[in-house]
Structure formats: structure tokens, C-alpha cells
Chemist: 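Below you will find the structure I want to go over with you.
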Amino acid sequence: MSEIPKTYEPQAIEEKWYSKWLADGCFTADPARVSAKRPAYSIVIPPPNVTGVLTLGHVLNNTIQDILARRARMLGKEVLWLPGTDHAGIATQNVVEKSLRKSGEMKHRDDLGREALVEKIWAWKEEYGGRILQQLRALGASCDWSRTRFTMDPEYSKCVSRIFVDLYNKGLIYRGKRMVNWCPASLTALSDEEVEMRPVNGLLYYFKVEVVEEPGTFLTIATTRPETIPGDSGVAVSPRDSRYSHLIGKHVRRPLPLENQTPLPVVADDHIDPEFGTGVLKVTPAHDKADYEIGQRHSLEIIEVIDPRGIMNELAGKDLAGLDRFEARKKAAELLRDAGLLEREEPYQNNVGYSERGQVPIEPRLSEQWFLKYPNVEEARNIVADGGMRFFPERWAKVYDHWMGNLQDWCISRQLWWGHRIPVWYRKNDPALRDRMASDENTSSRADSSLHVSTEPPPDSENWEQDPDVLDTWFSSWLWPFATMGWPKKTETLGKFYPTTDLVTGPDIIFFWVARMIMAGFEWMGEKPFENVYFTGIIRDKQGRKMSKSLGNSPDPLDLIGKYGADALRFGVMRSAPLGQDVLFDEKNVELGRNFCTKLWNAARFRQMQGSGPDGFTTEGEINPLLLTSDDKWILLRLDTAIREVSLALDEYRFSDAAQILYRFFWSEYCDWYLEAAKAALNSDGVERKANTLAVMDFVLGHTLRLFHPFLPFITEELWNGMGFNLDLPPKQGGETIQTSRWPQPLDDDFKAHYGITPEDDLAARAKYETVFAGRGLRRDFNIASNKRIRFVLQPVSELAAHDIDVLRILLNAEHLDIDPAYAAPKGTPRALTPLGTLFLPLEGLIDVEAEKQRISKEIAKVEDELAKVRAKLANPAFAEKVPPVVLEDHRQREATWAEKLAHLHQVLAQF
RNA sequence: GCGCGCUUAGCUCAGCGGUAGAGCGCUUGCUUCACACGCAAGAAGUCACAGGUUCGAACCCUGUAGCGCGCACCA
């Protein structure tokens, strides 16, 4: 037995244990150990951005994974928690470019050139990348670090190319000129998922155009984007709109640019809503998705007037050319006004697509990109719909289903330098190739000798040019569950740990990542990638705002760990993170966690201070059933309930419930009631009785530490060892590290029979505690300080065990507790009716008869109230008829109890 | 517009058909020999609103309002 220090110092303890766990290889997964008796449990981490730092979101997410992993180990499973990082194309390139600009190493990426910049990013990655993984260790994450992966590891990159080639050969990847979401800041195409709609306050401009065939007749058009007028190639109205039907097929004069007067055809298209604006739409096929489609239907010209940077080009006319698109908007409105064509402008709020990263409105733009038709859409959709893969909380399954039912092809090419280069080469002397490709969507070009699509460059590489683009980050992330396990080789790891058991992630990447991983899993593994998906909430501040750097409301988890300890942070976050709800983070929660750790620490310390038992060890050995007190039996029953409830909560991913149950059990039941009551036995002179109580305490503590271990890995390990539970001693709960100790089993019927524990023991102990509670209430009512030792008299309804009398006396902090069946209380003595009898607080000469009368009257009112409620129910004839017998009995019982209590109170009152 | 979630004590949230709960905060008393990061006692809620189902509704159904989120968008 080693002595537990007086104060709990998380920092030293956390470092000590984490190093030891690493040194002992506790987190290392070995597929060879997997067997029928030792099932596999696996999780792949949602790889954080390689440039990332730990946020509270990561704390939440990874604590959950760690709880799952640690509990799985305790359930005897072989656990693989596979960590790693994501190269996060745009985000990382942005971060590094920014730092290079700041340090003055470059002004624009072109200053460095592709190779040099990519080299810089790699260097940056080597230096700072993976910092977040280090930080996860401070949190206690039990990842198998020997398997850490990065989405741009050589092997992983090879997987990505292989997948691309495979999909290309299957005809699912094609190149084409399409309307894409273009980010003018990052100068790259984005997928639809990367575009975020935001309401923007702007103006709706009404301008008029003259009908060429009917001079003097004008059409009024409403638009939010007058700067695109030079790119217009038509005007559209609804075919059902009688106001304009006579104009269909005619033309209108183009208002801008002023020097270009090519007329625009008026077409009829179903897309137009006659109710909106004037019912007339200007059609800009080059700069709007819907307009593009209208243009296609009516063979309208595509006129690009905005360049990739968002600047107006020369086709926009000399007045607008060179202007930024937003300046051009104002300028265009001015020009219309000057020309007398602007009728009015009104404030208008519309939704504009923003680049998720760039904080800039995206520009729909016609551009040549690579696209993917998703594979296995039906399988992926059905596995969730049919319950073959479960989502927690379940409602995300609907969101998933909806998205899966409305899939658009995925734009997978990015005009960036950091990422997986598209494994396609073009023959240098064939400039016409790209144009041919542009209109080619079917497989006919796959045999094209001008194109080389392969994981390896063409042999005569000097004659070829590789596609300059890289792949969307998510095109590598979607392979994560199997590419990290050695695919395409049929490794033992894949064989034993795929499909993974649980995925823990945020609902914000359900489309980006989860859905795509499911499709990829089916395509290349022929199987779903995970059994269950747990979606966490989003961490917000206590006002409900999202955590953000700019608001400064995002505390650094490492600071919190330093201040309160990792266990405190974990517990605080988990206790306030209910399934499916966002988490309002408040440092108070961490404080609560810290306080709880201290409580646990001191409860263990208290046990140590009782000294060793006869064996010289803390763990006392077998519990003697004959010596169990009512308190012992009660706490064992409570423990049993806690084990059942916590296990069930964890099985259902209700982590905050599990934390709450443990908190209540340990603090309220074990510390507040059991430990205090146990002091009666500990202070008694019976050596055996004392030893038996210590044995019960050890039993309960041993179980409690194990129940807490997934939540509080460090402090539980420290106490487990400090208290000697790691030694192979009775009651044999042990193991060297708590990590591989057995997850507690409920106390079964045999156990209860052996120790003579019945449900009645729960009631017996509660009766005692209720009596204590009543006595404390009397103290309060008569302003007697809780430290003042006084005399109580109990007039019992039945005989009491000596132990129970001891407990009552100690918990009441009574100098004396007289048990007197014939007690004749002086007139006006305060009393309380308890399950054990009437408890008196004799005040010897200090009795205030009036006060006591008032107090009793108040209580009578309360009891009458309750009694009336129950009687009202019972009085209803339908009640007795329809209610289940148990409930009826319960109500009758309640009525009797209240009635008895009322009668007694009246009797007491009558004595005054 | 479609879909989802939320509305319970001052705050954050449990409870989801049978006597309104927790933590924090608040009040009062306690350096009671594990813990003041503590102990004890307490105040505090027409469970958003309106209907309905039921013997019985915070809980089920319908509708309304407010807040939040997702998807789709009309220029």
C-alpha cells in the first residue's frame, strides 16, 4: 500500500501515466490478438487539419472516442483507435501562403512557383503539422500512435491515384466544361457543399429596355446584378404570362455596354416566375447557373464578362472593364441612370453563395473541371435507411437520406498546388485535346492515345504534360477508413478491424465526409465502413454563439487542462453534452469536473486513512455476509443500479447521462450518505465489523474507479495503483493497469443471495436516512447550528439495531439519541414523524409553544394539500375502473400515508 | 418554400403517460477529525400558448407563436 498524497495534482499525475501507458504499449492494437473470445473494436479518428490546433470541439469529439475505446478495452476487446491528420488542401495552402506573405518571403504564390511553394508547405507541415496530435495526448487520448497516418503519406497518395484511375476506367470520372462554384479569392473551383448561402442586404435594380421591333415600347427588368448586363444574351419571360406573350421571339435593345447594341432575343421559359419582380428575367448564361440552363435551352450565346479574379474584362465594355465586380455593380447602375434607363432601386435581401473558407461571394463560372458520378448511391442510402448502419441521434439519418436522394456530380478538381495531383497526362503536341474533352462525357475517349490516366507517369514523360490541378481534399478523406489500414493490400489489420465499429464526428461534415466514406466503403471494400455513426453537437459559448477566433470566445483547451486537469475538462464537457444537442460551454462545467476529481481523490484518501486491515493491505479481502450493515447492503444495491444504468447509457451513446449517473451515485449516495453512515462502524470497537466495512468500501471504490475510468483516465489510474487495486489481491478486481481491468458487471442474483441482500434493504436504509433528514430539518427550524451537539429522542415504531442507532446519532450529530418507546414529551416539544417513529427535539426550557404550533399548522396545510390531490383522483369513479392495479394500489397507499400523517399532526397540535 | 430541432426553477439542461428533478447561482448555518474545489438546511416552476385524446398530460395528437439549424431558392 502506498500512501495517497494530501492534494491532487493533475499535471504531474497525467504526464506520469501517459508516458507509462505509451511505454507499455497499452494503446497498440494487434490484429493477431483478435479472436472469437477477443472481438475487435475500431475507430478511425476524423483526421484534423494538419495545421490545426486543439479546440473544444476536438475535446468533445475525442473524449467521446476515448471513452468508447477505453470502455471497449475493459470489455475485453482488442481496440484500434487509428489517429492521423488531413492535408486539408485549401485551408492549409491558405495558412502557409499567409504566413509566407507575412514574413515577406513572397507576395503572391506565383513569386515562388508551384514546386517551391509545395516544398514550403511540406516544410511547414514537418515543423508545425501534427501539433494537434501532441495536444490530444494531453487530453489522454488512447490512440495507437504507431499507426498515425497523413492523407499525403506516400502510400496514402498512391491509394488516391489508384482510386481515381479506377473510377476513370469505370467511366465514373469525366472532364467537362460546366458551371461551377468559383472562388475568386482562392482562384479555384469548389464543390456545392463548400458553398454556404448567406443573406445579404443589397439592392434590386429596375431598368428598362426598348423593344427593337416596337420602338417606344419598353420592358422593365429587375436585377440584383446590373454589372452582368454586358454578359446578357437574352431576356426571358414565363410562357404563361399574358402580359408579354406578344413579345416572345422579338428583341430588346441591350442597355450596356453603351457601345454594343446587339439586340437580345426575348424567350419564353418555364423557369420564370411571373410574380417575381416584373416577370422579366435578364439571362446571363456565363455567370449564373439557372441562366446557363435557360441559355442552353434556347441556344443563347455565352458571354464571359468577369474574369477568374472577379474583375470585369474588356467584353464588359470600356466603362466597366478593369473594375472589381462590386464596383462594377455601382458603376453599371450609374450608367443606367445616366442613360435614363434606371427606373428605381429598392433595398433587397437575397441569399448569396459564399466560399466556406474564403469569406468571399463565389462566382458561378463556366469552367473545365473533373467530375465524379458517385458510385453505390443506392447501397449507401439503403444501409442507413434499413438500419444496417445506425446514426446517433437518429434524426441525422433523414438528413442523410435526403441528400443521398438529390446527388449532383462531384466537382473534384481544384486549381491549387497543395494536394494530390490529378493522375492524368496530356500529350504535349495535341492542343486540341482539351477542347475535345470538354464536350466529351462518355467513355469513348478512354482509349484516346492523347490521354494517359494512370498511377504512373507515361514512359516518355517528356512528351506529356500532367494535369496541373489537384484533387478536392475530401477525395482523399473519403478513403480514410481503409486507406489507413493498408488498402489495397489485404492486410491483417483490414481483415480484423474493418468495418470499424464507431465513427464519431460532427454533423457539419455528414455530406463532405460521412456519406462519401459510406459510398467508398462499398465500392472498394464491398462493405460499409462503420457500424454506427455518432454525431456530436457543436460547442458554443454560454450565450449560444459559435466558438470563433474573432469573437475571442474560444478558450484554449490546453489552458483549461493546465488549470483544472485533463480529467476535469473531459468530465465537465461530457456532463454537459447531451446526445444530439449543442453544447453551451461554460468554464463552470470544468470547475465542476475539477471539484468532482477532488471529491473522488478525498474519498479515496479517507479510505486510506482508515489504515490497513488485518492483511496489511488496503483491499481487505472477502466481505463477510453476516457482518453487513443495512448501510452496506444499501450502497451495494445502489452500486448495482449505477452499474446497470451507466452500462446501458454508454451502450446507447448517452454520455452525459452516464456522467450524470456516476456523479450522483458517487457524490450523493456514496459520499454523502454511505461514507458518513460508515463512520459509525469505523468508530466502533468491533475489529471484525470495522474490517468488513472497509472491505465493502474497497469493493465499491474498486467498482467505481472502473466505471469512471473511461471518463477520468488519469485520476482513476493513479488511485487504482495508489490504493493497491492493481495488485492481484482479493476481491480480485485487479490487473496492473485499470485500463485492462474488467468493466463492472451488475451484482447478479447469486451475489445478492450470497450476501443476503434483498430489495427491502434499500427501504430499510432509506427509512433511516429519512429520519436523519427529518432531524436535520428540526435543527434548521429551531436555528440550532449544525455543529452543535444536542439531544434527540426517538419514539420508535419497532425495535432498532444497535448499529442503526449509532448511525442515526452520528448523522444527526447528536450528543445523545434516546430510544424511548414511552417518551412523554413536554408540552410543545418539536417533533417530526419519520418512518422509524416520532423524532423529538427536546429544547429544555427554550420551548416556544406558539412557534411550534405555527410550524405544525404549516405542515398540516401542506399535507392536506397532498391528501386532497390524491383523494381527488381516487374519488373519480373512472379512475378505479381503468387504472392498472399497481397504480391504484400506489395511490391508495399514498392516501393512507398522508392521512395517517395528518391525523398525527392534528393529534400533536391538540396537545398544545 | 420544404424539412429538422428547441421552448421545464434566475442560468444551462434532465425528465417523455401516474406525487415537478440536477448542476450552477441565490439564502441561512457550519474551520463536524476525507474534502470550504467542502458539509447541512432552504427559497425558487399556472413545464411557451390554444385546443384535443385519456381515469390521468410537462410527456401523446392538432394548431399557433418565438428561437435555432439544414436543404432548396425568384432574377
Side-chain angles (χ1 to χ4, degrees), chain A residues 4 6-8 197 204-205 221-225 228 236 271-284 288 290-291 294 348 350-351 393 395-396 398-399 402-403 406 507-508 510-511 538 540 542 544 564 568 575-576 578 580-586 588-589 591-610 654 656-657 660 663-664 667-668 671-672 675-676 679 683 772-773 776-781 783-789 810-811 813 866 869-870 872-874 876-884 886-888 890-891 894 897-898:
Chain A
I4 296 179
K6 284 181 181 163
T7 49
Y8 170 52
M197 298 308 266
L204 190 57
Y205 302 87
I221 301 175
T223 181
T224 54
R225 301 200 63 185
T228 62
H271 177 260
I272 283 70
D273 173 7
E275 304 296 315
F276 187 89
T278 59
V280 186
L281 172 72
K282 70 187 215 39
V283 184
T284 324
D288 185 280
D291 288 14
I294 296 173
Y348 184 69
N350 67 339
N351 288 320
R395 66 189 153 88
W396 293 110
K398 244 185 223 172
V399 177
H402 183 252
W403 190 74
N406 293 280
D508 48 334
I510 187 167
F511 310 136
I538 294 166
R540 300 171 180 280
K542 58 180 164 183
Y564 300 102
R575 220 192 69 114
S576 55
Q581 297 277 113
D582 286 353
V583 182
L584 297 201
F585 180 82
D586 186 341
K588 285 267 181 212
N589 292 325
E591 217 176 298
L592 173 105
R594 190 264 322 258
N595 295 352
F596 186 75
C597 289
T598 305
K599 190 74 178 178
L600 184 57
W601 187 259
N602 278 293
R605 203 159 73 87
F606 173 74
R607 167 63 190 87
Q608 290 298 69
M609 289 169 73
Q610 302 311 311
R654 291 182 287 114
S656 65
D657 287 352
Q660 181 66 39
Y663 185 94
R664 179 196 32 79
W667 199 308
S668 310
C671 291
D672 289 348
L675 274 193
E676 294 305 319
K679 285 175 183 173
N683 292 342
V772 170
F773 186 70
R776 287 170 175 170
L778 286 175
R779 257 184 198 276
R780 159 85 183 194
D781 288 344
N783 293 319
I784 296 163
S786 56
N787 65 336
K788 190 167 182 200
R789 308 199 65 190
I810 287 175
L811 293 190
N813 195 27
E866 293 296 339
K869 267 198 247 174
V870 186
K873 276 193 175 183
L874 288 166
N876 186 337
F879 183 78
E881 244 173 71
K882 305 203 173 177
V883 92
V886 192
V887 178
L888 182 62
D890 185 54
H891 278 73
R894 221 187 297 163
T897 311
W898 286 122

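Below, chain A is the first sequence line, B the second, and so on; all start at residue 1.
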Chemist: Taking 4.0 Å as the cut-off, does a side-chain nitrogen or oxygen of A:Arg594 come that near to OP1 or OP2 on B:rC37?
Modeler: no
Chemist: Can you figure out which of B:rU19, B:rG5, B:rA75 approaches the side chain of A:Lys869 most closely?
Modeler: B:rU19
Chemist: Among B:rA22, B:rC35, B:rA75, which nucleotide has an atom closest to any side-chain atom of A:Ile272?
Modeler: B:rA75
Chemist: Kindly assign one of parallel, tilted or perpendicular to the pair A:Trp403 and A:Phe511, based on the angle between their ring planes and the thresholds 30° and 60°.
Modeler: parallel
Chemist: How would you label the contact of A:Cys597 with the nucleic acid (heavy atoms, under 4.0 Å): base, sugar-phosphate, or nothing?
Modeler: nothing
Chemist: Identify which nucleotide among B:rG18, B:rA34, B:rG42 has an atom closest to any side-chain atom of A:Phe773, counting heavy atoms from C-beta outward.
Modeler: B:rG42
Chemist: Give one of base, sugar-phosphate or nothing for A:Ala290, where a contact means two heavy atoms less than 4.0 Å apart.
Modeler: sugar-phosphate
Chemist: When the C1' atoms of B:rC55 and B:rG29 are compared, how many Å lie between them, rounded to an integer?
Modeler: 46 Å
Chemist: Checking all strands, does A:Arg776 fall into the base, sugar-phosphate, or nothing category for heavy-atom contacts under 4.0 angstrom?
Modeler: sugar-phosphate
Chemist: So does A:Ser786 reach the base of B:rC30 with its side chain, donor to acceptor, closer than 3.5 Å?
Modeler: no
Chemist: Any N or O donor-acceptor pair linking the side chain of A:Glu676 to the base of B:rA34 at under 3.5 Å?
Modeler: yes
Chemist: Between A:His891 and A:Val887, is there a donor-acceptor pair closer than 3.5 Å when you use the side chain of the first and the backbone of the second?
Modeler: yes
Chemist: So, A:Asn602 side chain and A:Thr598 main chain: donor-acceptor pair closer than 3.5 Å or not?
Modeler: yes
Chemist: Take atom CZ of A:Arg540 and atom C1' of B:rC6, then tell me their distance rounded to the nearest Å.
Modeler: 12 Å
Chemist: Between B:rC74, B:rG18, B:rC4, which nucleotide gets closest to the side-chain atoms of A:Lys398?
Modeler: B:rC4
Chemist: Picking from B:rC55, B:rA22, B:rC35, which would you name as closest to the side chain of A:Thr598?
Modeler: B:rC35
Chemist: B:rA20 and B:rG45: how far apart are their C1' atoms, nearest whole angstrom?
Modeler: 8 Å
Chemist: Who passes side-chain contact (heavy atoms from CB on, under 4.5 Å) against A:Lys588, sequence neighbours left out?
Modeler: A:Asp586, A:Glu591
Chemist: For B:rU19, give its Watson-Crick or G-U wobble partner with both distances under 3.5 Å, or none.
Modeler: none
Chemist: Calculate the interatomic distance between A:Arg654 atom CZ and B:rA22 atom P; express it in whole Å.
Modeler: 19 Å
Chemist: A:Asn602 CG to B:rC35 C1': how many Å, rounded?
Modeler: 4 Å
Chemist: Nearest to the side chain of A:Asp672, which nucleotide is it out of B:rC39, B:rU32, B:rC71?
Modeler: B:rC39
Chemist: For A:Leu675, report the nucleic acid contact type (base, sugar-phosphate, nothing); a contact means any heavy atom under 4.0 Å.
Modeler: base
Chemist: If we call it a pair only when both distances are under 3.5 Å in a Watson-Crick or G-U wobble match, what pairs with B:rC59?
Modeler: none
Chemist: Hey, is the side chain of A:His271 poking within less than 4.0 Å of OP1 or OP2 on B:rC74, counting only N and O atoms?
Modeler: yes
Chemist: Provide the distance between the two C1' atoms, one in B:rU19 and one in B:rU31, to the nearest whole Å.
Modeler: 40 Å
Chemist: Report the distance from atom CG of A:Asn595 to atom P of B:rA36, rounded to the nearest whole Å.
Modeler: 11 Å
Chemist: Checking only heavy atoms, does the side chain of A:Arg789 share a donor-acceptor pair with the base of B:rU32 at less than 3.5 Å?
Modeler: no
Chemist: Measure from the side chain of A:Leu584, starting at C-beta and using heavy atoms only, and say which of B:rU12, B:rU32, B:rG18 lies closest.
Modeler: B:rU12
Chemist: Say we look at B:rG21 and B:rC35: how far apart would their P atoms be, to the nearest angstrom?
Modeler: 32 Å
Chemist: A:Pro877 near the nucleic acid: base, sugar-phosphate alone, or nothing, with a heavy-atom cut-off under 4.0 Å?
Modeler: nothing
Chemist: Say we look at B:rA58 and B:rA14: how far apart would their C1' atoms be, to the nearest angstrom?
Modeler: 12 Å
Chemist: Once you round to the nearest 0.5 Å, how far does OG1 of A:Thr223 lie from NZ of A:Lys282?
Modeler: 4.5 Å
Chemist: Is there a Watson-Crick or G-U wobble partner for B:rU64 with both distances under 3.5 Å, and which nucleotide is it?
Modeler: B:rA48
Chemist: Given atom CG of A:Asp657 and atom C1' of B:rG23, what is their separation to the nearest angstrom?
Modeler: 14 Å
Chemist: Tell me if a side-chain donor or acceptor on A:Gln610 pairs with a main-chain N or O of A:Phe606 at a distance below 3.5 Å.
Modeler: yes
Chemist: Should B:rC39 form a Watson-Crick or G-U wobble pair with both distances under 3.5 Å, which nucleotide is its partner?
Modeler: B:rG29
Chemist: Say we look at B:rG51 and B:rG56: how far apart would their P atoms be, to the nearest angstrom?
Modeler: 16 Å
Chemist: Among B:rG25, B:rU19, B:rC37, which nucleotide sits nearest the side chain of A:Glu866?
Modeler: B:rU19
Chemist: Establish, with yes or no, whether the OP1 or OP2 oxygen of B:rU31 is under 4.0 angstrom from a side-chain nitrogen or oxygen of A:Asn787.
Modeler: yes
Chemist: Taking the side chain as every heavy atom from C-beta outward, state whether A:Leu281 and A:Ile294 have any pair of such atoms under 4.5 Å apart.
Modeler: yes
Chemist: OP1 or OP2 of B:rC39 sitting under 4.0 Å from any side-chain N/O of A:Lys599?
Modeler: yes
Chemist: Once you round to the nearest 0.5 Å, how far does CG of A:Asn813 lie from CD of A:Glu676?
Modeler: 10.5 Å
Chemist: So what's B:rG10 paired with, Watson-Crick or G-U wobble, going by both distances under 3.5 Å?
Modeler: B:rC24
Chemist: Does B:rA75 have its OP1 or OP2 closer than 4.0 Å to a side-chain nitrogen or oxygen of A:Tyr205?
Modeler: no
Chemist: Main chain of A:Phe585, side chain of A:Asn589: is a donor-acceptor contact present, judged purely on distance under 3.5 Å?
Modeler: no
Chemist: Taking atom P of B:rU54 as reference, at what distance in whole Å does atom NZ of A:Lys873 sit?
Modeler: 17 Å
Chemist: Between B:rC49 and B:rC59, how far is it from one P atom to the other, in whole Å?
Modeler: 10 Å
Chemist: Nearest-nucleotide wise, let me know which of A:Asp781 and A:Ala878 is further upstream toward the 5' end of RNA chain B.
Modeler: A:Asp781
Chemist: Would you mind reading off the distance between A:Arg605 atom CZ and B:rG38 atom C1', rounded to a whole angstrom?
Modeler: 12 Å
Chemist: Indicate whether OP1 or OP2 belonging to B:rC39 is found under 4.0 Å from a side-chain N or O atom of A:Trp667.
Modeler: yes
Chemist: Does B:rC74 have its OP1 or OP2 closer than 4.0 Å to a side-chain nitrogen or oxygen of A:Asn350?
Modeler: no
Chemist: Within this structure, what is the CG-to-C1' distance between A:Asp273 and B:rA75, rounded to whole angstrom?
Modeler: 10 Å
Chemist: Of A:Arg575 and A:Ala603, whose nearest nucleotide on RNA chain B comes first from the 5' end?
Modeler: A:Arg575
Chemist: Just to be sure I understand the rule, does A:Leu281 reach a base, reach only the sugar-phosphate, or reach nothing, if contact means heavy atoms closer than 4.0 Å?
Modeler: base
Chemist: How far, in whole Å, is B:rC16 from B:rA48 if one measures between their P atoms?
Modeler: 16 Å
Chemist: For B:rC2, which nucleotide is its Watson-Crick or G-U wobble mate, given both distances must be under 3.5 Å?
Modeler: B:rG70
Chemist: Among all residues two or more places apart in sequence or in another chain, which pass the side-chain contact (heavy atoms from CB on, under 4.5 Å) test with A:Phe276?
Modeler: A:Leu204, A:Asp273, A:Tyr348
Chemist: Quick one: is B:rG42 close enough that its OP1 or OP2 comes under 4.0 Å of any side-chain N or O from A:Arg780?
Modeler: no
Chemist: Does A:Ala222 reach a base, just sugar-phosphate, or nothing at all? Heavy atoms under 4.0 Å.
Modeler: base
